[in-house]
Amino acid sequence: MALLYEKRDRIAYITINRPRALNAIDPETLKELSEALIDFREDNNAWVAIITGSDRRAFCVGADIKEMLPVLSDIRNEWWRVPPTILRGLELWKPIIAAVNGLALGGGLELVLACDIRIAAENASFGVPEVTLGIMPGWGGTQRLVRAVPAAIAAEMLFFGQRIDAQEAYRIGLVNKVVPQADLMATAEEWARRLCEIPPLAVRAVKEAMIKGAEMNLEDGLRLEAKLMDYLVASEDHKEARSAFLEKRKPNIRGK
Ligand code: HXC
């Protein structure tokens, strides 16, 4: 299997599993990634996903240069032929954590950028080397990197394609935390479990408001926020959380 997918206790684990090619994404991996993400989105019992790579060396080194890039050049601008993922084409407001266990290059970094929380192992490194292949980061890198880090840093990484290490990634705000490789999954799981204690409809509404709002003017963003707030105040979890606060007890969160 090019991708491992399992669910335990409200957490979905997505592991890219092509260690021979340093977890480069070939058409099969992309299809399986799409299917896993859609299953995660549709499953009411899955609240948070963690995406990682199966090998100590690599999270993902991007599109498979031999198997994937030729397919992408055949498809050209008919992008709807590419399976929908968080890179492009799939709306998914549940929170996703990237556990970056090694190299995150090209499409690998673009996948990290499409996640909300990013935990890096000390040996992780990050880069968008596509320009050196005469193409560009076409899985969202030119759009998401510049929204994630200051413009001059994004331009430097996108123009030169050089790699940065985990500490530099932390310094520029690309990742939330850097931990020893041995602690990576435990840390990602701890963040996932903490997220599972928060009413999930609220977390999803916040993600949607943040991401959609970033593309809107302030007035429209405030309108979107108000609409999502209307939906949340009517939710069962809100009523339960409010009662629990007043009764000084732990809320029984159910995702409704
Ligand atoms: C296919 C890849 C690969 C890739 C590495 N491999 N990267 N196979 N696609 N992107 C394979 C190698 O061919 C080799 O297989 C094995 O993985 C180990 O790689 P080595 O090069 O031997 O290892 P090393 O010397 O340690 O160098 C590691 C590396 C280098 C720095 C990651 O492999 C590298 O620069 N890879 C290319 C990374 C890249 O350019 N990514 C962007 C891809 S384009 P064999 O069988 O020979 O042992 C992209 C576009 C996305 O992501 C957007 C599309 C729209």
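Both counts, for ligands and for their atoms, begin at 1 and track the order of listing.
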**Asked** Does some non-hydrogen atom of the protein lie less than 4.0 angstrom from atom 36 (N) of ligand 1?
**Response** no
**Prompt:** At a 4.0 Å threshold, what atoms of ligand 1 neighbour a non-hydrogen atom of Arg163?
**Reply:** 31 (C)
**Request:** Take atom 26 (O) of ligand 1 and look for protein heavy atoms under 4.0 Å from it; say yes if you find one, no if not.
**Result:** yes
**Asked** What atoms of ligand 1 come closer than 4.0 angstrom to any heavy atom of Ala24?
**Response** 1 (C), 4 (C), 9 (N)
**Request:** Apply salt bridge (Lys or Arg N to Asp or Glu O under 4.0 Å) to Arg194 and Glu197, showing your working.
**Result:** CA-CA 5 Å; Arg194 273 169 50 208; Glu197 284 170 16; over 6 Å; no
**Message:** Is atom 22 (O) of ligand 1 touching the protein, meaning some protein heavy atom lies under 4.0 Å away?
**Reply:** no
**Request:** Identify which of Gly62, Pro19, Ala63 has a heavy atom lying nearest to atom 10 (N) of ligand 1.
**Result:** Ala63
**Request:** Would you verify that at least one protein heavy atom lies under 4.0 Å from atom 17 (O) of ligand 1, or report that none does?
**Result:** yes
**Asked** Quick check: does Leu69 get an N/O under 3.5 Å from an N/O on ligand 1?
**Response** no
**Asp64: numbered ligand 1 atoms lying under 4.0 Å from its heavy atoms** = 1 (C), 9 (N)
**Item:** Salt bridge flag under 4.0 Å for residues Asp220 and Arg223
**Value:** yes
**Prompt:** Which atoms of ligand 1 have any heavy atom of Arg20 under 4.0 Å away?
**Reply:** 16 (C), 17 (O)
**For Glu110, atoms of ligand 1 separated by under 4.0 Å from a heavy atom** = 51 (C), 53 (C)
**Prompt:** Hey, are Glu240 and Arg249 close enough for a salt bridge, meaning a charged N less than 4.0 Å from a carboxylate O?
**Reply:** yes
**Asked** For ligand 1, is there an N or O atom under 3.5 Å from any N or O atom of Arg57?
**Response** yes
**Prompt:** Is a salt bridge present between Lys31 and Glu35, judged by a nitrogen-to-oxygen distance below 4.0 Å?
**Reply:** yes
**Request:** Please determine if Leu105 has a nitrogen or oxygen closer than 3.5 Å to a nitrogen or oxygen of ligand 1.
**Result:** no
**Message:** Please tell me if atom 12 (C) of ligand 1 is touched by the protein, where touching means a protein heavy-atom distance below 4.0 Å.
**Reply:** no
**Message:** With a 4.5 Å cut-off on side-chain heavy-atom distances among I, L, V, M, F, W and Y, is there a chain of contacts connecting Val48 to Leu37?
**Reply:** no
**Request:** Would you indicate whether Lys207, at its atom NZ, is surrounded by more than 12 heavy atoms from other residues, nucleotides or ligands within a distance under 6.0 Å?
**Result:** yes
**Request:** Evaluate whether atom CE of Met216 has more than 12 neighbouring non-hydrogen atoms of other residues, nucleotides or ligands under 6.0 angstrom away.
**Result:** yes
**Request:** For atom 40 (O) of ligand 1, decide whether some protein heavy-atom distance is shorter than 4.0 Å.
**Result:** yes
**Asked** Which of the numbered atoms in ligand 1 are below 4.0 angstrom from a heavy atom of Leu72?
**Response** 54 (C), 55 (C)
**Request:** Give the contacting part of Leu103 toward ligand 1: side chain, backbone, both or neither, where contact means a heavy-atom distance below 4.0 Å.
**Result:** side chain
**Request:** Tell me which one of Met136, Glu130, Arg18 gets a heavy atom nearest to atom 51 (C) of ligand 1.
**Result:** Glu130
**Item:** Under-4.0 Å heavy-atom contact between protein and atom 46 (O) of ligand 1
**Value:** no
